Amino acid sequence: MDKAFSPADIEPRIYRNWEASGYFAPSEHGPVYSIVIPPPNVTGTLHMGHAFQDTIMDALIRYHRMRGFDTLWQPGTDHAGIATQMVVERQLNAEGKKRVDIGRDAFVARVWQWKETSGGIIKNQMRRLGASVDWQRDMFTMDPALSQTVTEVFVRLYEQGLIYRGKRLVNWDPVLKTAVSDLEVVAEEESGSLWHLRYPLSDAEGFLVVATTRPETMLGDAAVAVHPDDERYRHLIGRKVRLPLAGRELPIIADAYVDPTFGSGCVKITPAHDFNDYEVGLRHKLPLINIMTLDASLNDNVPIAYRGLDRAAARARIVADLDALGLIERIEPHKLTVPRGDRSNAVLEPLLTDQWFVDIKPLAAPAIRAVEEGRVRFVPDNWSGVYFEWMHKIKDWCISRQLWWGHRIPAWYDPDGRWYVARSEAQARAVHGIDAAIPLRQDSDVLDTWFSSALWPFSTLGWPERTRALQTYYPTTVLVTGFDIIFFWVARMIMMGLKFTADVPFRAVYIHGLIRDQDGQKMSKTKGNVIDPLDIVDGISLEALLAKRTSGLMQPQMRTAIEKDTRRQFPQGIAAYGTDALRLCFARLATQSRDLRFDMARVEEYRNFCNKLWNAARYVLMNVEGQDVQMQGAEFSLADRWIQSRLAAMLARIESGFTDYRLDNVANALYEFTWHEFCDWYLELSKAVLQSESATAAGKLGARFTLISTLEKLLRALHPLAPFITEEIWQRVRLSAAAPGETIMRAAYPAAADVQTDAQAEPEMRWVMDFILGVRQIRGEMDIAPSRRLDVLLQNASPKDIEYLGRNLHYLSRLAGIEPPRVLAPGHTAPISAVALLGSLEILVPMAGLIEPTAELERLAKRLRKAELDLQKLDAKLSNGQFARNAPPDIVFKDQQRVAELRTEIGQLSAQTARVTKLKDQ
RNA sequence: GCGCGCUUAGCUCAGCGGUAGAGCAUCACCUUGACAUGGUGGGGGUCAGUGGUUCGAUCCCACUAGCGCGCACCA
């Protein structure tokens, strides 16, 4: 084995072998454990969030696979309607072409082509990350089978009256020229103005003042509303005002929606361009006057002077004209929330259009119940609150999009505009008896991408067919996703799953946090702070990283800042850390926090960890290779029994970590055991046996057996988080360890219950360790060279101390660097020494020629201060009668014991201080 | 406005009724035969603030402050 671990040489080779060997496929026996992947955008690339999420899922899958579950990790990609269409459209624009120029069919063909060329990128990234998905079952949301499922669901919902079509006010994106759902609207506070306009009364002198943030919509006004109880205006209700510029008459109506304390207490009502006004309009049967075109210019429903102006120009013109007529009372600065499209960032326009909707309430009710009854469990649980809040006030879902890329809506129109929803044109004709001579035209809209996503857990498993996969792996065990798509995706999957399979789509939803950069910023292309996970795996130079981050910027002015930041954060670029280090780092990051700060120092920490493991394996192999290592005839030492016991403790921690979806705890348990127990202690202790002339062959065999078997179990325990290095080492140790099987992937996960905990070894080992630590502390603080062997005296030794000492001299000698200690008889005066306390035992290191009395006095004073402080606190506690009366007896007992210990310690330290002081004064 | 988080060592974060933890950073020593991507030892915290519950609060409750997020918004 090389002296240092180098991941680049082994990872791709190992993955190819796994995949070729078919290890990722479900075993088809044992209890079921299944996960469907949240499908990434087929034409996208994996970002840190994906890599994080994939690590979690892969760890869960590998763990359960090793524990004998029939595991399916269902992979796939999403067609991502708007996002993908925008990408291809931009490509076209770069060639000087436009979507409309080449036409729908050519455009869609082009998107498919782009999907073919770029679709492989993400899958290769997943392979590099070690994702053990069942590639044989790879799916795409627009595969023929899945598209058919989408149609089937649409038709069934329509037939049951749960999908309807109608002219409604929707959020319209005038740049993308499509409707979007409420969820795709981001509301941001911006500075604007509040215009106070004068609307003259029709039948009298004077006017009403209305305030508006959008004066251009006045041409679509249908009324002016006041509060029914507003004394100022009560007499005007039912009368009329004349709409300036247009000249129409508007009724003055009363509606409780109006807040009499805001502005003048009069509101212009524009039902076709405002959601609240739309509701008011419905209540008062007001006309819907649509004044805008699909690109948000004024249409022919406005006076000729304003036609064709876009909304900004129209606003300027209307304000100027009103001003000229003296109809502007005042303009004041005003903060308002502006709705923008989450993709285009364009200001959205509430616009009356024909759209398809899902009547969502009937679907929401059972979905709410499923979570209430615990059939779907959110982890952490507080996210169920977020879910309920949204579900209880859910509004109908606008599912039609005026795009070209996506699932076409299965509705056909006859020349009279009647529509027929069916699985195909032929079925539409057959069912509705439409003659072949009558032309039918399919609806040109496509469905919201999230419509097909909502079906993902069952569409990928073959629904509506009752396939074996569907019957076996549905409901899936757990959904792993981020909180940002609870509404978009999680809720809708629950609704659709319950509707079409009569069961929940998953039993648990594990909601993880969002990966942010080291400054806590959300990672985005615009900010130029994204990191490609593979650049951490393979490394990247500063130049290449800069080029990546600054190419194709939407906002070129950001370039300088991005460059500066990148140079600051990664002055040397990024080193190649390997997949395992990255994955371990992700696991450790997976706390329940909602914001997870990614820090390269953490990856480095785990790169070092991998190297540590690698070298531990080298040491183990060095000692077992060429040896006949078996349990028979072996004699197990204290250290051997102790490390087994610690292994059992670690495995128990891991088991609860997986049960609780706390991979951070899993990672920590593995790290602490591997580094601080196996390497720091056990390997060193084993040297005391293996490198000793006097150790017995049986003892050496025990150490060798323990080394190899512990390492082998540790590798299996680590495998779900660090698949590559564990496989690589495992292949090298499996023969010596007599491990069955040909891959660690399919080896059994070590169970805590199968490893011996040892109630005797633990305290004795604790004594050995504390002894060693005591001597080392004196060494460290007194600057005694490690090479200098020490003579040590023991005072006040109990029979137990003597017993332990007798059994463990070899450990003490090796790890503390001492000669066999001399046990002083009671009352025997010791030479002046530095002291370490182990319970009541005093470990004495004679100072002569080694230790400065002043230094030792400082050391003693420090210990004494600490002990006295602790004692003081405990004394106060124990002398409080309430404590003794109310606290549980075991706590009181523990504290009393501690007090006794502290008293002894203080006595010893004081006596020692006196002795050293005396020496110093001589 | 309603709701939800967060505030613990210089940094990033665990912990959560009974003596404050990790990694990194820092200081000192160490080219020891697995590993300098290392070893050994040390220093470093009134657990945001105030009040309450309790024998006991970093942990539970209330309020306050700061930061962040979600939802809904008065034209």
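Quick note on labels: first sequence line is chain A, next is B, and so on, each numbered from 1. Keep in mind that what you see is a predicted model, and the values were worked out from it rather than measured. Just the heavy atoms: all of them, side chains too, but no hydrogens, waters or symmetry mates, feed the values below.
In terms of phosphate contacts, A/T591 brings a side-chain nitrogen or oxygen within less than 4.0 Å of OP1 or OP2 of B/rA14. At least one side-chain nitrogen or oxygen of A/K687 sits closer than 4.0 Å to the OP1 or OP2 atom of B/rA34. Taking 4.0 angstrom as the limit, A/W675 places a side-chain polar atom (N or O) nearer than this to OP1 or OP2 of B/rG39. Between A/H676 and B/rG39, a side-chain N or O to OP1/OP2 separation shorter than 4.0 Å is absent. For the pair A/N608 and B/rG38, the criterion of a side-chain N or O lying under 4.0 Å from OP1 or OP2 is met. For the OP1/OP2 pair of B/rG42 and a distance below 4.0 Å, the side-chain nitrogens and oxygens of A/Q777 include at least one atom meeting the criterion. Side-chain nitrogen and oxygen atoms of A/S593 include at least one within less than 4.0 Å of the OP1 or OP2 phosphate oxygen of B/rA14. Of the side-chain N and O atoms in A/R662, one or more sit less than 4.0 angstrom from OP1 or OP2 of B/rG15. Using a 4.0 Å cut-off, some side-chain N or O of A/N886 falls inside it from OP1 or OP2 of B/rC55. Distances shown here put a side-chain N or O of A/K3 below 4.0 Å from the OP1 or OP2 atom of B/rA36.
For an aromatic pair to be called close, the ring centres must be under 6.0 Å apart, and A/F378 with A/W383 fails this. Taking the ring centroids of A/F275 and A/Y278, they lie at or beyond the 6.0 Å cut-off.
Remark: A/K612 is not positioned above the aromatic ring of A/F678, lacking an NZ or CZ atom under 6.0 angstrom from the ring centre and at most 45 degrees off the axis.
No engagement by A/R214 is indicated, since no non-hydrogen atom pair under 4.0 Å with the nucleic acid exists. Residue A/H334 is in sugar-phosphate contact alone, with no base atom involved, counting any heavy-atom pair closer than 4.0 Å across all strands shown. Among the atoms of the strands shown, base atoms are found under 4.0 Å from some heavy atom of A/E684.
Whole-Å rounding puts the A/L773 CG to B/rG42 P distance at 8 Å.
A donor-acceptor pair under 3.5 Å is absent between the side-chain atoms of A/S6 and the main chain of A/A8, judged by distance alone.
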